Amino acid sequence: MPAIRMDGRAVAARWKEEARKRAEHCLEHGVTPHLAVILAGEDPASRVYVRNKENACAKAGIRSTVIRLAQDCTQEELEKTVLTLNEDPGVHGILVQLPLPKHLCEARVLALVHPDKDVDGFHAMNAGRLMIGQKGFVPCTPLGVMKLLEAYGIPICGKHAVIIGRSNIVGKPMAMLLLAANATVTLCHSHTQGLAELTRQADILVAAVGKPGFVTAEMIKPGAAVIDVGINRTQDGLTGDVEERAADVAGFLTPVPGGVGQMTIAMLLSNTLDAAERHGC
């Protein structure tokens, strides 16, 4: 029986509608939720992502401001922009669109974003809060994955979750969230030996590699929930990290596009409203 396709668009639509209601409530109490996005350079994919975020904010009733910096902007210019937004009481969330131009230091910039405005959840303080189980902003993609699993009633407690990819943006926070939900978690990476043997044990398999078709049908446990986080641009269009034949083995599978990506934006709206609601709405 073919895998059930996990419709990220439909689940995200419900979250976006909830965001619209929350934003409306803030406006009634004199607070305009405001997300500021810093876009440095001319990366085509980044420009598309930022435009999608702008559109989502507009539909939800959240004000969005995009600060566009030149490809050759200096580290000082970028850092000054972040610090100015930190001090602006009318800005509730700050997002630095990644990747940055290669001459800029990503770590230094992300460290400057105030933790209470860090709606991407990338600041070390928020990462630490997640690690020790305290409340803080959680990176949007792994948070979206958790909400998608919840929406489809996929059990996590006591299950074996395997994650391929150990990035600070997806892999590591994904592991922390699944661990907090009482899964047994295996975090795999480029030096992992016997990868296919491990993935075949996974009740929940999360692929965040950035390589088209990296996860084959033979690597999947029959009936597993397979979450494809990859978004790869190929000559044939967008494709994920999981090959199409996986649908013949998995019990649940996220499509690309139309899966996790939609949830990421929905969680960004939710995080921004969490930040705005601290101001009394």
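The first residue in the sequence is number 1, and the count goes up from there. Source: prediction; values computed, not measured.
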Got a sec, which residues hit side-chain contact (heavy atoms from CB on, under 4.5 Å) with H29, two or more places apart in sequence or on another chain? H25, C281

Could you walk me through whether K16 and Q262 satisfy the side chain to side chain contact (heavy atoms under 4.5 Å, CB included) test, starting with their C-alpha distance in whole Å, then the side-chain angles of each, then the deciding distance to 0.1 Å, before giving a yes or no? CA-CA 10 Å; K16 290 175 181 178; Q262 294 293 321; 3.3 Å; yes

Those residues at least two apart in sequence (or on a different chain) that pass side-chain contact (heavy atoms from CB on, under 4.5 Å) with I169 are L98, F122, S167

Shared hydrophobic cluster for F252 and I163 (ILVMFWY, side-chain gaps under 4.5 Å): yes

Between the main-chain N or O of G90 and the side-chain N or O of H34, is there a donor-acceptor pair closer than 3.5 Å? yes

How far does OG1 of T74 sit from CD of E79, to the nearest 0.5 angstrom? 8.5 Å

For I62 and C26, what are the C-alpha separation, side-chain angles and deciding distance, and is it a side chain to side chain contact (heavy atoms under 4.5 Å, CB included)? CA-CA 10 Å; I62 296 172; C26 283; over 6 Å; no

Hey, can you pull the donor-acceptor pairs under 3.5 Å for the side chains in residues 134-155, sequence neighbours left out?
{"unit_1": "T141", "atom_1": "OG1", "unit_2": "T264", "atom_2": "OG1", "d": "2.9"}
{"unit_1": "Y152", "atom_1": "OH", "unit_2": "D7", "atom_2": "N", "d": "2.7"}

Would you say CZ of R129 has more than 12 non-hydrogen atoms from neighbouring residues, nucleotides or ligands within 6.0 angstrom? yes

What pairs with N55 under side chain to side chain donor-acceptor pair (under 3.5 Å), at least two apart in sequence or on another chain? none

Nearest-0.5 Å distance, NZ of residue K172 to CG of residue L177: 14.5 Å

I265 versus A56, closest heavy-atom pair with distance: CG2-CB, 3.4 Å

Hey, are the side chains of L238 and R233 touching, using non-hydrogen atoms and a 4.5 Å cut-off? yes

Is there a side-chain contact between L95 and K53 in this structure, where contact means two heavy atoms from C-beta onward sitting under 4.5 Å apart? yes

Would you say L83 ends up clustered with L39 if hydrophobic residues are merged whenever their side chains have heavy atoms under 4.5 Å apart, either directly or through other cluster members? no

Decide whether V119 and V31 are clustered together by the hydrophobic rule: side chain heavy atoms of Ile, Leu, Val, Met, Phe, Trp, Tyr closer than 4.5 Å, transitively. no

Identify the two heavy atoms, one from A246 and one from I220, that lie closest to each other, and give their separation to 0.1 Å. CB-CD1, 3.4 Å

Nearest atoms (heavy-atom pairs only) where T254 meets D228: OG1-N, 2.7 Å

L130 and N126: side chain to side chain contact (heavy atoms under 4.5 Å, CB included), yes or no, with the steps? CA-CA 6 Å; L130 177 60; N126 283 317; over 6 Å; no

For S190 against R166, the heavy-atom pair lying closest together: OG-NH2, 4.4 Å

Of I67, L85, L110, D118, the residue whose pairing with V96 passes side-chain contact (heavy atoms from CB on, under 4.5 Å): L110

Shared ILVMFWY cluster between I132 and L178, side chains joined below 4.5 angstrom? yes

With a 4.0 Å cut-off, would you call E18 and R22 a salt bridge? no

Any salt bridge between R20 and E17, counting N to O under 4.0 Å? yes

When you look at Q75 and V109, which way does the side chain to side chain contact (heavy atoms under 4.5 Å, CB included) test go after all the steps? CA-CA 8 Å; Q75 184 78 25; V109 174; 3.4 Å; yes

To the nearest 0.5 Å, what is the distance between NE2 (H92) and OG1 (T32)? 8.0 Å

Partners meeting side-chain contact (heavy atoms from CB on, under 4.5 Å) with K59 (sequence neighbours left out): none

At what distance, to the nearest 0.5 angstrom, does CD of Q71 lie from CG of L100? 10.0 Å

Please set out all donor-acceptor pairs under 3.5 angstrom arising from side-chain atoms of residues 192-215, sequence neighbours excluded.
{"unit_1": "T192", "atom_1": "OG1", "unit_2": "H189", "atom_2": "N", "d": "2.8"}
{"unit_1": "T192", "atom_1": "OG1", "unit_2": "H189", "atom_2": "O", "d": "3.2"}
{"unit_1": "T199", "atom_1": "OG1", "unit_2": "L195", "atom_2": "O", "d": "3.4"}
{"unit_1": "T199", "atom_1": "OG1", "unit_2": "A196", "atom_2": "O", "d": "3.0"}
{"unit_1": "T199", "atom_1": "OG1", "unit_2": "M219", "atom_2": "O", "d": "2.7"}
{"unit_1": "R200", "atom_1": "NH1", "unit_2": "E218", "atom_2": "O", "d": "3.2"}
{"unit_1": "Q201", "atom_1": "NE2", "unit_2": "E197", "atom_2": "O", "d": "3.3"}
{"unit_1": "D203", "atom_1": "OD1", "unit_2": "K221", "atom_2": "NZ", "d": "2.8"}
{"unit_1": "D203", "atom_1": "OD2", "unit_2": "H160", "atom_2": "N", "d": "2.8"}

So CG of L35 and CG of L269: to nearest 0.5 Å the spacing works out to 8.5 Å

Looking at every heavy atom in both C188 and V162, which two are closest together, and how far apart are they? SG-CG1, 3.8 Å

Taking every non-hydrogen atom, the tightest pair across P99 and S46: CD-OG, 3.8 Å

Identify whether the distance between the nearest side-chain nitrogen and carboxylate oxygen of E244 and R5 falls below 4.0 Å. yes

Separation between OG1 of T65 and CD1 of I94, rounded to the nearest 0.5 Å: 11.0 Å

Do I156 and V11 sit in the same hydrophobic cluster, where Ile, Leu, Val, Met, Phe, Trp and Tyr count as joined when their side-chain heavy atoms come under 4.5 Å apart? yes

